[in-house]
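Remarks on the structure that follows.
Residue numbering restarts at 1 for every chain, and letters A, B, ... go by the order of the sequence lines.
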Amino acid sequence: MNKPSLPQGTRDFGPEVVRKRNYIFDTIRNVFELYGFQQLETPAMENIETLLGKYGEESDKLIFKILNNGLDNPDKQKQVKEDFQKVLDGKSVKGITERALKYDLTIPFARYVAMNHGQLTFPFKRYQIQPVWRADRPQKGRYREFYQCDADVVGSNSLLNEVELANIYHEVFIRLGITNYELRINHRKLLAALAGICGGADKMTDITIVIDKLDKFGLEKVKEELSQKGLNKKQIDVIEKYLSIKGSNPEKISQLKKLLGNSETARKGIEELEFILNSGLTPDSYRDHDSRLTLDPTLARGLNYYTGIIFEAKATEEVKMGSIGGGGRYDDLTGLFGVPGIPGVGISFGVDRIYDVMEELKLFPADVHVGTQVLFFNLGEAESTKAFELMQQLRNKSIRCELYHENVKFDKQFKYAEKKKIPFAVIIGSKELEEKNCTLKDLRKGEQQTLSFEKLLSFSFQ
RNA sequence: GUGGCCAUAGCUCAGCUGGUUAGAGCAUCAGAUUGUGGUUCUGAGGGUCGUGGGUUCGAGCCCCAUUGGCCACCCCA
């Protein structure tokens, strides 16, 4: 018998970890609901054509495909073998696989909206907290199964939504104690305008991918790669100017206007960025701390469907972690599913990464640990019957209790309480039973007192 | 998908240029202690050294393959 193991990149979560994760989930959920979002759930798997081609070519390879059942049916052998040959050639074939695990929450949401747009009240504000799967190779902060927490607004072009979403980021991170985060924003239209000047719209993907690497590889390497992509000296010069835009947010805006101001597309993008940056609705702290909400012209984001404002949230530099959240506006996501004209904007939190950041910065409050408050010692049949009765009454008062499972010596029962960090022990032995009282010991202080049963039931257990 | 590093007790690790019976700390269990835990002391259990093959008189150590983990690239949360 082989040792049991987990699939690569997946994890079990023990009780301690689940508590901490729930703390994050609850915080995010509360903020989402505070802002008027309602929860949606979609299946773990989707029809494969719902997902393929939505994220870009590279990402299609990272979608987990589910093998069809019944491939061993003798009547189908010939067809299956032909289909499988196509799979070997890198194609996705319905005869072999027609379902896949979802890759993110946005596309399934768009599918849902496309299917139900007749019934929905717009703007539709939904949030979704579910696992997604990527066949990526695991490494730091990257797993094959991980949770996303998304909030999206569809059916509204208003930039108010962007402002709201930026506020949600702020509120969540502050509540979690991640006070040193940075929310970077940019606009796809700036990148489109830049591409328009430098080699045409079809170069946009290449350009965005390359400039996204600026902070990692530096300017020279970026210029080198642009040259390899077929851009000429003049075009690269423009991009260099674009990349060297620095300073406060207003300073960057004015430089962008100078560089791209001739382009109608860019002007629209800059206007929208200015609206967000200057919005009186953002918390005061944004304006006090310019670095919190930062205009970053080099921010690109890989996902193809973004068309407007894009967001990315990062923790402080000292925590070497990729982005802990991202999002943006898309003009026409449901158009992919035959229902055009529904724009949307959304954000996503990466809970697994937020967890790692909080662990590293020791941000979990001590009281996320909510275990048993009271352990009733088991000192015999008559004794434990009384203990059981009292325990149930305490439970009715929402005090978390348990009765030790067998009558063993004190030593063991104390050590059990110790290990489970149970603060109180209630001892009812033959002596107490006779005197109709009990011994209550505070294990943190090492102090104990004798209480009547009535007193025990009204004790606060703090 | 590409590259680098690693794999020894439940956990963290030691184990010399290949040489007798593979060690430590922590954890676990038992006892000192049948109504008072955390400390202490004593003892015990626990390993086909990730897996499969090879070289050798002899392999935890060397070689090949394989699986898994970590890290980086691509990409991303």
Side-chain angles (χ1 to χ4, degrees), chain A residues 2-11 24 28 55-63 90 102-106 129-150 169 205 208-210 212-213 216-217 221 225 299-304 306 311-315 320-328 346-357 375 377-380 383 404 407-433 438-450:
Chain A
N2 289 333
K3 280 183 192 166
S5 64
L6 282 172
Q8 196 179 29
T10 66
R11 300 152 296 161
I24 300 175
I28 293 172
Y55 308 100
E57 215 175 302
E58 279 303 308
S59 307
D60 280 358
K61 294 180 193 160
L62 301 182
I63 293 172
K102 66 178 173 233
Y103 180 85
D104 75 350
L105 301 179
T106 307
I129 300 179
Q130 288 189 272
V132 301
W133 294 267
R134 295 188 187 175
D136 214 351
R137 197 178 273 204
Q139 55 174 284
K140 185 174 184 184
R142 176 181 295 184
Y143 308 98
R144 288 187 148 184
E145 178 184 63
F146 62 98
Y147 271 74
Q148 286 190 330
C149 304
D150 278 26
Y169 269 128
T205 308
T208 54
I209 287 173
V210 174
D212 204 29
K213 298 175 187 169
K216 204 177 271 177
F217 297 112
K221 185 88 188 171
E225 270 199 49
L299 177 64
R301 295 201 55 76
L303 296 176
N304 274 345
Y306 292 125
F311 297 102
E312 184 157 296
K314 292 196 84 166
K320 296 247 179 308
M321 187 68 66
S323 66
I324 54 177
I347 57 170
S348 179
F349 288 89
V351 170
D352 299 86
R353 286 188 178 177
I354 290 172
Y355 181 96
D356 289 348
V357 167
L375 178 70
F377 275 32
N378 186 331
L379 300 172
E383 292 87 343
Y404 196 82
N407 177 11
V408 292
K409 54 186 186 176
F410 267 52
D411 183 64
K412 285 201 80 137
Q413 305 200 35
F414 268 119
K415 280 182 173 157
Y416 177 80
E418 180 71 24
K419 254 179 268 177
K420 285 191 72 174
K421 298 191 177 109
I422 298 172
F424 293 98
V426 172
I427 298 165
I428 300 170
S430 50
K431 188 181 88 186
E432 285 86 354
L433 208 54
C438 61
T439 301
L440 173 67
K441 182 159 185 174
D442 184 328
L443 300 184
R444 294 165 302 189
K445 296 180 188 146
E447 294 166 1
Q448 66 183 45
Q449 55 185 309
T450 304

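With P as the reference atom, B:rA22 and B:rU40 are 30 Å apart, rounded to whole Å. Rounded to the nearest Å, the gap between the C1' atom of B:rG60 and that of B:rU17 is 16 Å. A gap of 24 Å separates the P atoms of B:rG4 and B:rG18, to the nearest Å. Nucleotides B:rG54 and B:rG58 have their C1' atoms positioned 15 Å apart, rounded to a whole Å. Rounded to a whole angstrom, the distance from the P atom of B:rA7 to that of B:rG15 is 11 Å. B:rG10 and B:rG47 are spaced 12 Å apart, taking the C1' atom of each and rounding to whole Å. B:rG25 and B:rG46 are spaced 15 Å apart, taking the C1' atom of each and rounding to whole Å. Comparing the same atom, P, in B:rA44 and in B:rC26 gives a spacing of 16 Å after rounding to whole Å.
Distance, A:Arg137 CZ to B:rU2 C1': 7 Å, rounded to whole Å. Atom OH in A:Tyr143 sits about 18 Å away from atom P in B:rG68, given to the nearest Å. The NZ-C1' distance, from A:Lys140 to B:rG4, rounds to 18 Å in whole Å. Rounded to an integer number of Å, the gap from CG of A:Leu62 to C1' of B:rA77 is 13 Å. Going from atom CG of A:Asp60 over to atom P of B:rC75 covers 15 Å, rounded to whole Å. In this structure, A:Arg144 places its CZ atom 13 Å from C1' of B:rG69, rounding to the nearest Å. For the pair A:Ile324 CD1 and B:rC76 C1', the interatomic distance rounds to 15 Å; values are reported in whole Å.
Judged by distance alone, with hydrogens and angles left aside, the side-chain atoms of A:Asp442 form no donor-acceptor pair with the main-chain N or O of A:Glu447 at under 3.5 Å. Not one N or O on the side chain of A:Tyr143 forms a donor-acceptor pair closer than 3.5 Å with the backbone of A:Gln8.
Counting only Watson-Crick and G-U wobble pairs whose two key distances fall under 3.5 Å, RNA chain B forms stems of three or more stacked pairs at B:1-7 with B:67-73, B:10-13 with B:23-26, B:28-32 with B:40-44, B:50-54 with B:62-66.
Listed nucleotides B:rC76, B:rG68, B:rC29 differ in distance to A:Gln8; the shortest reach to its side chain belongs to B:rG68.
In summary, the aromatic rings of A:Tyr147 and A:Phe349 are positioned with their centroids too far apart to meet the 6.0 Å limit.
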- Test log, rule side chain to side chain contact (heavy atoms under 4.5 Å, CB included), inputs A:Trp133 and A:Arg144: CA-CA 5 Å; A:Trp133 294 267; A:Arg144 288 187 148 184; 5.9 Å; no
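When all heavy atoms of A:Lys314 and A:Ser323 are compared, the closest pair comes out as CG-CA, 4.2 Å. Shown here for A:Ile63 and A:Tyr103, the closest heavy-atom pair between the two residues is CG1-CD1, 3.8 Å. Contact record, A:Glu383 with A:Gly429: CG-C, 3.6 Å, taken as the closest heavy-atom pair.
Of the two residues near RNA chain B, A:Thr10 and A:Gly326, the one whose nearest nucleotide lies more 5' is A:Thr10. Between A:Phe146 and A:Pro7, the residue anchored nearer the 5' end of RNA chain B, judged by the nucleotide with its closest heavy atom, is A:Pro7.
Contact annotation: A:Gln139 does not reach the phosphate of B:rC70 (side-chain N/O to OP1 or OP2, under 4.0 Å). Dashed line: the shortest gap from a side-chain N or O of A:Lys412 to OP1 or OP2 of B:rA30 is under 4.0 Å.
Counting heavy atoms from C-beta on, the side chains of A:Asp104 and A:Arg134 come closer than 4.5 Å. Side-chain contact between A:Leu433 and A:Leu379: absent, with no pair of heavy atoms (C-beta onward) separated by less than 4.5 Å.
Judged by distance alone, with hydrogens and angles left aside, A:Arg142 brings a side-chain donor or acceptor within reach of the base of B:rC75, the pair sitting under 3.5 Å.
Residue A:Tyr416 is classed as having no contact, given no heavy-atom separation below 4.0 Å to the nucleic acid. Within 4.0 Å of A:Gly9, counting heavy atoms only, lie sugar-phosphate atoms of the nucleic acid but no base atom.
For A:Arg444 and A:Phe424, the positive end sits near the middle of the six-membered ring, less than 6.0 Å away and at most 45° from its axis.
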- Message: At under 4.0 Å between heavy atoms, how does the protein contact nucleotides 32-46 of chain B? Give one character per nucleotide, 5' to 3', with B, S or -.
- Response: ---BBBB--------
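Relative orientation of the A:Phe377 and A:Phe414 rings is perpendicular, given thresholds of 30° and 60° on the angle between their planes.
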